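As the structure is a computational prediction, the values presented were derived from the model and not from experiment.
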Amino acid sequence: MKVLETSLPGCVVIEPAVFGDDRGFFYEAWNATRFEAHGLSGRFVQSNISCSSRGVLRGLHYQWPNPQGKLVSVLEGEVYDVAVDIRRGSPHFGRWAAVLLSAENKRQVWIPEGFAHGFAVLSERAVFSYLCTAIHDKAGDASIRWDDARIGIDWPVSKPKLSEKDARAPFLDDVAPERLPLFTA
């Protein structure tokens, strides 16, 4: 397994060791001992799967005050996956990192607690997997606008298919400070 740094400290790309032959392939999507050896510890309490069609953009989502860390991957298709540091006081506040995730490249991304997350589907459809460190908290569910110019994400879709929630999400500067996670060194 390789762990590749992104431009956001703590948010990393994981390339699992894949073993394959003409019958197919095998890889460990999660192994606590191996991940902890790379400084990635997580106690996952919820697993989610979503399926979306081409052009769908989901995000930018986060939970507060009960944040979730997420280990995300694509089981079918291809997505442009984005993490945004929204922790008040972080030296990287408002900065983003993106990675192409696909069933073919088998990459995973670790999105730490305190980051917003979103993705855009590039294939006909994509099946997306999330391992989460906290149970979904509907009361703490929150979003940041996907096209916030302050963040400036270079999305590969110009007119995405959005949920009503995502279409009306606030800009980062319009979110009350107490509704954002706090950076702790």
Side-chain angles (χ1 to χ4, degrees), residues 4-15 29 47-64 67-88 90-132 136 138 140-177 179-181 183:
L4 309 170
E5 298 293 327
T6 69
S7 59
L8 297 175
C11 181
V12 297
V13 176
I14 295 116
E15 290 184 346
S47 177
N48 304 322
I49 304 288
S50 71
C51 183
S52 304
S53 59
R54 182 186 302 277
V56 167
L57 191 150
R58 296 187 185 270
L60 300 162
H61 301 153
Y62 69 100
Q63 282 189 190
W64 188 253
Q68 289 180 315
K70 298 175 185 172
L71 181 63
V72 300
S73 60
V74 171
L75 304 175
E76 178 185 326
E78 181 177 67
V79 307
Y80 185 78
D81 195 74
V82 176
V84 181
D85 188 343
I86 59 167
R87 300 169 299 164
R88 290 178 289 137
S90 168
H92 305 285
F93 182 80
R95 290 173 57 191
W96 60 279
V99 64
L100 193 66
L101 298 179
S102 70
E104 187 176 309
N105 71 22
K106 297 168 187 53
R107 286 179 152 190
Q108 301 168 292
V109 176
W110 168 246
I111 315 252
E113 294 177 354
F115 286 62
H117 173 252
F119 64 88
V121 178
L122 305 178
S123 52
E124 282 305 308
R125 78 178 207 148
V127 177
F128 198 86
S129 170
Y130 313 72
L131 290 176
C132 303
H136 180 259
K138 188 173 183 171
D141 197 30
S143 298
I144 304 289
R145 185 74 175 262
W146 70 278
D147 61 349
D148 188 331
R150 181 200 195 295
I151 300 169
I153 298 169
D154 186 18
W155 292 103
V157 293
S158 57
K159 294 183 181 182
K161 298 174 197 168
L162 301 167
S163 70
E164 174 127 355
K165 171 189 157 188
D166 291 342
R168 63 179 206 279
F171 294 103
L172 183 57
D173 289 340
D174 295 334
V175 177
R179 290 290 299 145
L180 292 172
F183 175 74

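- Summarising the geometry of S52 relative to V121, their closest heavy-atom pair is CB-CG2, 3.6 Å, with the distance given to 0.1 Å.
- Ring geometry for F128 versus Y130: interplanar angle over 60°, hence perpendicular rather than tilted (30 to 60°).
- Put simply, the side chain of V82 does not reach to within 4.5 Å of the side chain of W146, judged on heavy atoms.
- With sequence neighbours excluded, the residues forming a side-chain contact (heavy atoms from CB on, under 4.5 Å) with E76 are R125, V127, listed by chain and number.
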For this session: Kindly determine whether K165 and D141 satisfy salt bridge (charged side-chain N to carboxylate O under 4.0 Å, His left out), including the steps that lead there.
Result: CA-CA 11 Å; K165 171 189 157 188; D141 197 30; 2.8 Å; yes

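- Using a 4.5 Å heavy-atom cutoff, the side chains of I153 and L60 are in contact.
- For S7 and R95, the side-chain atoms include no donor-acceptor pair closer than 3.5 Å.
- Here the side chains of F119 and V99 are not in contact, with every heavy-atom distance at 4.5 Å or above.
- Two residues are said to be in side-chain contact when any heavy atoms from C-beta on lie closer than 4.5 Å; R107 and D81 fail this criterion.
- No side-chain donor-acceptor contact under 3.5 Å links D148 to the backbone of R145.
- Here OH of Y62 is found 4.5 Å from CG of L180. Values are rounded to the nearest 0.5 Å.
- Contact of the D166 side chain with the L57 side chain is not registered, since no non-hydrogen atoms from C-beta on lie closer than 4.5 Å.
- Side-chain contact between P181 and E113 is absent, with no heavy-atom pair separated by less than 4.5 Å.
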